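The structure appears below as structure tokens.
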Amino acid sequence: MPKSVIIPAGTGTPIAPFVPATLADGVVYVSGTLPFDADNNVVHVGDAAAQTRHVLETIKKVIETAGGCMADVTFNSIFITDWQHYAAVNQVYADYFPGEKPARFCIQCGLVKPDALVEIASVAHIGKREA
């Protein structure tokens, strides 16, 4: 099955060997997205809500570049560094998924940069459109 690499304009160089997303058979697989600026610096240090908003805006840009929208998201994997951030993450998350919610899971774990408080990976079914 052919796949297309999805790299929105203005995307920085990743810190590891991956791309922001791939599109295959109408499904967008968005890589784990951290609250990074274009130079891979963590933004909004200490603010889980602002980091979540930044991450979801980045994911939105990736999905829109592929030809979809946030309503096409069917699954999210959420990683947080501390359960104390769970409520803040959920409050922002609800703004991005106001209608039917995607399936998801959330776990507490360490992230690649200590100042990052949240990481989200997504799957979106956008149909068989070309990227």
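Below, all heavy atoms of this structure are taken into account, side chains as well, without hydrogens, waters or symmetry copies. It should be emphasised that the depicted structure is a prediction, and the values quoted were computed from it without experimental measurement.
- Between Ala66 and Ile126, the shortest heavy-atom contact is O-CD1, 3.1 Å.
- Judged by a 6.0 Å distance limit and a 45° cone about the ring axis, Lys113 is positioned over the six-membered ring of Phe36.
- Remark: the backbone N or O of Ala49 is paired with a side-chain donor or acceptor of Asp47 at under 3.5 angstrom.
- Tyr29 and Val73 sit in two unconnected hydrophobic clusters of ILVMFWY residues. Membership requires side-chain heavy atoms under 4.5 Å apart, directly or through other members.
- Ala38 approaches Gly10 most closely through the heavy-atom pair CB-O, 4.2 Å.
- Counting heavy atoms from C-beta on, the side chains of Lys60 and Leu56 never come closer than 4.5 Å.
- For the atom pair Gln51 CD and Glu119 CD, the distance stands at 11.5 Å (nearest 0.5 Å).
- In the hydrophobic clustering of ILVMFWY residues, with side-chain heavy atoms under 4.5 Å counting as a link, Phe18 and Val123 come out apart.
- Note: Tyr86 and Trp83 have perpendicular aromatic rings, judged against thresholds of 30 and 60 degrees for the angle between ring planes.
- Under a hydrophobic-cluster definition in which Ile, Leu, Val, Met, Phe, Trp and Tyr are linked whenever side-chain heavy atoms come within less than 4.5 Å, directly or via other members, Met70 and Val118 are assigned to the same cluster.
- Atom CG of Asn41 and atom CG of Leu34 lie 12.5 Å apart (nearest 0.5 Å).
- Applying the side chain to side chain contact (heavy atoms under 4.5 Å, CB included) criterion to Thr81, with sequence neighbours excluded, gives His85, Leu111, Leu117.
- Judged by distance alone, with hydrogens and angles left aside, the side-chain atoms of Asn40 form a donor-acceptor pair with the main-chain N or O of Thr13 at under 3.5 Å.
- Of the options Val62, Ile59, Asp72, a side-chain contact (heavy atoms from CB on, under 4.5 Å) to Ser122 is made by Ile59 and by none of the others.
- Phe97 and Val92 fall within a single hydrophobic cluster, where Ile, Leu, Val, Met, Phe, Trp and Tyr are joined by side-chain heavy atoms under 4.5 Å apart, directly or via other members.
- Geometric assessment of Arg53 against the ring of Tyr96 yields a negative cation-pi assignment under the 6.0 Å and 45° thresholds.
- Residue Pro35 comes nearest to His54 through the heavy atom pair CA-CD2, 3.6 Å, listed as atom of the first residue, atom of the second, then distance.
- The closest side-chain heavy-atom distance from Cys106 to Ile80 is below 4.5 Å.
- No side-chain donor-acceptor contact under 3.5 Å links Lys3 to the backbone of Asp25.
- Remark: the backbone N or O of Ile78 is not paired with any side-chain donor or acceptor of Asn76 at under 3.5 angstrom.
- Within 6.0 Å of atom CD in Glu57, more than 12 heavy atoms from other residues, nucleotides or ligands are found, so the atom counts as buried in its surroundings.
- Scanning both residues, Lys61 and Ala9, for their nearest heavy atoms gives NZ-O, 2.8 Å.
- Residue Phe79 comes nearest to Cys109 through the heavy atom pair CB-SG, 3.7 Å, listed as atom of the first residue, atom of the second, then distance.
- With Ser31 contributing its side chain and Val19 its backbone, the two residues share a donor-acceptor pair below 3.5 Å.
- At least one side-chain heavy atom of Val112 sits under 4.5 Å from a side-chain heavy atom of Ile15.
- A donor-acceptor pair under 3.5 Å links the side-chain atoms of Thr52 to the main chain of Ala48, judged by distance alone.
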